[in-house]
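Positions are given from 1 along the sequence.
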Amino acid sequence: MSYNWTVFFVVGGPGARKGTQCKTLAENYQLCHLSIGDILRAELNKPSSQYASIIQANMAEGRIEPPSITVALLKAAMIEEAEKEDVSVFLVDGFPRKMDQAELFESTISAPFSVIFLNCPQHILRDRLLSRAKVSSRLDDGVVIMQTRFETFSQTTMPVITHYKAQNRVIQVDASRKVTSVY
């Protein structure tokens with residue numbers, strides 16, 4: 001099946017405010033915001049999920065989900081939103097985090113139109129995550145997992161960004177500023 005969708009990947013380190021920026025964009029334009037983290041957390045809470053135990057183990061360790069799971073869940077969410085809301089432009093926040101995810105997405109769905117990279121120094125990201133952890137019940141916001149998430153981003157997601165930069169698909173944004181200044 002062929003999809004006539006325009007897809008923007010939105011990537012950045014943990015705490016770069018990908019979700020915040022995507023929500024603002026989606027509110028002001030005809031865009032559908034899908035957060036891969038929210039999709040995975042929703043799947044984790046489904047009693048009948050075949051993926052819940054894998055997702056929980058990976059989140060607890062700060063690891064990335066297998067691409068087959070991530071892309072399957074993302075594709076299902078995109079199809080559901082396209083049918084329900086009649087949208088064809090997607091902001092996919094927090095995806096891809098690894099080259100194998102990007103490759104599988106491109107081979108089964110489509111290449112991204114562009115990749116928005118919310119770039120932010122790690123010390124600012126750390127401060128944001130520590131603040132969020134005080135009010136969040138997210139499994140992956142703990143202090144212990146934080147360093148693993150930073151290392152994972154550096155080792156696995158930065159090569160994805162480099163890959164798309166070579167294709168002139170990356171829009172880099174300074175995400176260290178206030179939310180309203182970034183938008």
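Residues meeting the side chain to side chain contact (heavy atoms under 4.5 Å, CB included) test with Ala111, sequence neighbours left out: Glu106, Arg169. Pro159 pairs by the side chain to side chain contact (heavy atoms under 4.5 Å, CB included) definition with nothing, not counting sequence neighbours. Considering only residues two or more places apart in sequence or on other chains, Ser131 meets the side chain to side chain contact (heavy atoms under 4.5 Å, CB included) condition with none of them. Every residue two or more places apart in sequence or in another chain was checked for a side chain to side chain donor-acceptor pair (under 3.5 Å) with Asp100, and none qualifies. The side chain to side chain donor-acceptor pair (under 3.5 Å) check on Ser49 picks up Glu43, with sequence neighbours excluded. Residues satisfying the side chain to side chain donor-acceptor pair (under 3.5 Å) test with Tyr51, not counting sequence neighbours, are none. Partners of Ser35 under the side chain to side chain donor-acceptor pair (under 3.5 Å) rule, at least two apart in sequence or in another chain, do not exist in this structure. By the side chain to side chain contact (heavy atoms under 4.5 Å, CB included) test, Asp127 pairs with no residue at all, sequence neighbours left out.
Ile54 places a side-chain heavy atom less than 4.5 Å from the side chain of Glu65. When side chains are defined from C-beta on, Arg126 does not count as touching Pro14, because their heavy atoms never get closer than 4.5 Å. Side chains of Asn119 and Val173 form no contact here, defined as non-hydrogen atoms less than 4.5 Å apart. Considering only heavy atoms from C-beta on, His33 stays 4.5 Å or farther from Val92 through its side chain.
Between the side chain of Thr108 and the backbone N or O of Leu104, at least one donor-acceptor pair lies under 3.5 Å. Checked by atom type and distance alone, the side chain of Asn45 pairs as donor or acceptor with a backbone atom of Arg41 at under 3.5 Å.
Legend: ring-ring contact (aromatic ring centres under 6.0 Å, His included) pairs involving residues 71-109, not counting sequence neighbours, sorted by first then second residue: Trp5-Phe90, Phe9-Phe95, Phe9-Phe105, Phe95-Phe105. Evaluation of the salt bridge (Lys or Arg N to Asp or Glu O under 4.0 Å) test over residues 16-31, restricted to residues two or more places apart or in two chains, returns none.
Nearest heavy-atom pair across Thr24 and Asn28 is O-ND2, 2.9 Å. In plain terms, the two heavy atoms of Ser114 and Ile171 that are nearest each other are OG-CD1, 3.4 Å. What you find for Leu91 and Ala26 is that their closest heavy atoms are CD1-N, 4.3 Å. Here the closest non-hydrogen pair linking Gln30 and Val89 is O-CB, 4.0 Å. The heavy-atom pair separating Cys120 from Ala175 by the smallest distance is SG-O, 3.8 Å. Among all heavy-atom pairs drawn from Gly13 and Leu125, the shortest one is CA-CD1, 3.9 Å.
No more than 12 heavy-atom neighbours from other residues, nucleotides or ligands sit within 6.0 angstrom of CG on Asp86.
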Before you tell me yes or no, could you show the steps for Asp38 and Leu40 under side-chain contact (heavy atoms from CB on, under 4.5 Å), namely the whole-Å CA-CA distance, both residues' side-chain angles and the distance that decides it to 0.1 Å?
CA-CA 5 Å; Asp38 289 350; Leu40 292 169; over 6 Å; no
Before giving the answer on side-chain contact (heavy atoms from CB on, under 4.5 Å), spell out for Gln172 and Leu118 the whole-Å C-alpha distance, their side-chain angles and the decisive distance to 0.1 Å.
CA-CA 6 Å; Gln172 185 166 315; Leu118 299 177; over 6 Å; no
Thr156 and Ile64: side-chain contact (heavy atoms from CB on, under 4.5 Å), yes or no, with the steps?
CA-CA 9 Å; Thr156 65; Ile64 296 174; 3.3 Å; yes
Arg149 vs Leu129, side-chain contact (heavy atoms from CB on, under 4.5 Å): CA-CA, chis, key distance, verdict:
CA-CA 11 Å; Arg149 291 179 68 202; Leu129 289 179; 4.1 Å; yes
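Exactly one residue among Arg97, Met158, Gln122 makes a side-chain contact (heavy atoms from CB on, under 4.5 Å) with Phe153. That residue is Met158.
Atom CD1 of Ile36 and atom CD1 of Ile39 lie 4.5 Å apart (nearest 0.5 Å). Interatomic distance, CD1 of Ile55 versus OG of Ser53, reported as 8.5 Å (0.5 Å rounding). Note that the CD atom of Gln101 and the CD1 atom of Ile69 stand 10.5 Å from one another [nearest 0.5 Å]. Distance check, rounded to the nearest 0.5 Å: OG1 of Thr148 to CD of Gln155 gives 10.0 Å. One distance of note links CD of Gln56 with CG of Leu44; it measures 5.5 Å at 0.5 Å rounding. Note that CG of Asp174 is 10.5 Å distant from CZ of Phe117, once rounded to the nearest 0.5 Å.
Under the 4.5 Å side-chain contact rule for hydrophobic residues, Ile124 and Val11 do not share a cluster.
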Tabulate below the donor-acceptor pairs under 3.5 Å that side-chain atoms of residues 71-80 make, not counting sequence neighbours, or state none.
none

